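Following: one structure in structure tokens, then a few remarks.
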Amino acid sequence: MQSHAAPATTASRLFPPLALSTFVTALIAGVLADGTWEFWARVITPLWVGGPLQPAALVQSVFGFSNFALAEAIHLVVGVVFYPLGYLFIAKPIADRFLPFLPWPVVALGYGVGLWVFALYIMAHLFAGLPPFLNFITLTWASLIGHLLFGLVVGIVVRWRMGA
């Protein structure tokens, strides 16, 4: 008996399905990764550098407003919703297509590095006018570790939920 189902296209194999389960995976990844980031930023980092990482202050600098609660909300939404979707629909497909030999933890950690570069070079330097990577002060390295943890947790959840 022949199957009349259309063969999967390269795009359909490269990207996750546009389904509720994919969005749920992204939300679970975002909540757990952002929770990990927040614990690192507000509990562990102060023990190391003397103060917390405060991405809301960066958001305020970039967008030029003084409402700290709004800046916290923006960072929360970006971390919980958009960054996990970026992993699922940009980072992972690019790695799967061009670097398929990389193990998923390397891809997840690479994504974390990408988020760190985005935060401390693109947003902090190019948009907010701060020195590139904050002149590589101790806070820069604390931020890198936080972003690595974020990427790794997203990767763990995607692997757990999607087996990929």
Side-chain angles (χ1 to χ4, degrees), residues 11 13-16 22-23 25-63 71-164:
R13 283 181 275 144
L14 195 57
F15 296 103
T22 302
F23 187 67
T25 296
L27 283 180
I28 293 170
V31 167
L32 293 177
D34 209 59
T36 302
W37 159 264
E38 291 295 335
F39 183 79
W40 171 261
R42 298 177 196 270
V43 176
I44 305 300
T45 295
L47 299 173
W48 178 18
V49 301
L53 295 171
Q54 293 202 341
L58 176 58
V59 172
Q60 286 179 297
S61 296
V62 168
F63 294 107
E72 285 281 2
I74 289 169
H75 190 261
L76 180 70
V77 169
V78 167
V80 169
V81 178
F82 294 106
Y83 284 171
L85 289 173
Y87 178 81
L88 281 165
F89 287 97
I90 299 169
K92 189 172 176 325
I94 288 172
D96 288 348
R97 174 69 173 94
F98 297 105
L99 303 164
F101 53 86
L102 287 179
W104 71 265
V106 174
V107 174
L109 290 169
Y111 186 63
V113 171
L115 294 177
W116 176 70
V117 169
F118 178 75
L120 291 188
Y121 187 79
I122 304 229
M123 298 305 284
H125 175 60
L126 297 180
F127 284 95
L130 299 170
F133 296 97
L134 306 176
N135 285 330
F136 294 97
I137 60 175
T138 307
L139 200 67
T140 304
W141 303 113
S143 176
L144 173 60
I145 293 169
H147 285 92
L148 288 169
L149 290 169
F150 185 97
L152 188 60
V153 171
V154 168
I156 288 168
V157 172
V158 168
R159 176 91 172 163
W160 162 59
R161 294 266 306 165
M162 304 180 91

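Please read these numbers as outputs of a predicted model, since none were measured by experiment.
Nearest heavy atom pair, residue L85 against residue A26, reads CD2-CB, 3.6 Å. Scanning all heavy atoms of the two residues, the minimum distance from L14 to P93 falls at CD1-O, 3.3 Å. Of all the heavy atoms in P84 and G30, the pair that sits closest is CG-CA, 3.4 Å. For the pair A71 and A56, the tightest heavy-atom approach, listed with the atom from each and the gap, is CB-O, 3.3 Å. Residues D96 and P100 approach most closely at O-CB, 3.4 Å, considering heavy atoms. Here the shortest heavy-atom pairing between G155 and A108 reads CA-CB, 3.9 Å.
Scanning for side chain to side chain donor-acceptor pair (under 3.5 Å) contacts around T25 gives R161, with sequence neighbours left out. Judged as a side chain to side chain contact (heavy atoms under 4.5 Å, CB included), and not counting sequence neighbours, the contacts of A95 are V107. Listed by chain and residue number, nothing satisfies the side chain to side chain donor-acceptor pair (under 3.5 Å) test with W116 (two or more places apart in sequence, or in another chain). For E38, the side chain to side chain contact (heavy atoms under 4.5 Å, CB included) partners are D34, R42, H75, not counting sequence neighbours.
The shortest side-chain heavy-atom distance between V154 and Y83 does not fall under the 4.5 Å cut-off. Counting heavy atoms from C-beta on, the side chains of V113 and L109 never come closer than 4.5 Å. When side chains are defined from C-beta on, F150 does not count as touching T36, because their heavy atoms never get closer than 4.5 Å. The side-chain heavy atoms of W160 and I28, taken from C-beta on, include a pair separated by under 4.5 Å. Within the 4.5 Å cutoff, side-chain heavy atoms of I156 are placed close to those of W104.
Among residue pairs with one or both ends in residues 45-58, those qualifying as side-chain hydrogen bond (donor to acceptor under 3.5 Å, both in side chains) are W40-T45; sequence neighbours excluded. Listed by first then second residue, pairs satisfying side-chain hydrogen bond (donor to acceptor under 3.5 Å, both in side chains) with a partner in residues 123-144 read S143-H147, not counting sequence neighbours.
Counting heavy atoms of neighbouring residues, nucleotides and ligands inside a 6.0 Å radius, atom CZ of F136 exceeds 12 of them.
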Residue pair T22, F89: steps toward the side chain to side chain contact (heavy atoms under 4.5 Å, CB included) verdict: CA-CA 10 Å; T22 302; F89 287 97; 4.0 Å; yes
Audit row: F133, V117, side chain to side chain contact (heavy atoms under 4.5 Å, CB included) steps and yes/no: CA-CA 8 Å; F133 296 97; V117 169; 4.2 Å; yes
Would L149 and W37 satisfy side chain to side chain contact (heavy atoms under 4.5 Å, CB included), going step by step from the backbone distance to the final call? CA-CA 7 Å; L149 290 169; W37 159 264; over 6 Å; no
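Note that CG of L130 is 7.0 Å distant from CG of L58, once rounded to the nearest 0.5 Å. Between L126 atom CG and L120 atom CG the span is 11.5 Å, to the nearest 0.5 Å. To the nearest 0.5 Å, the span separating CG on L88 from OH on Y111 amounts to 8.5 Å.
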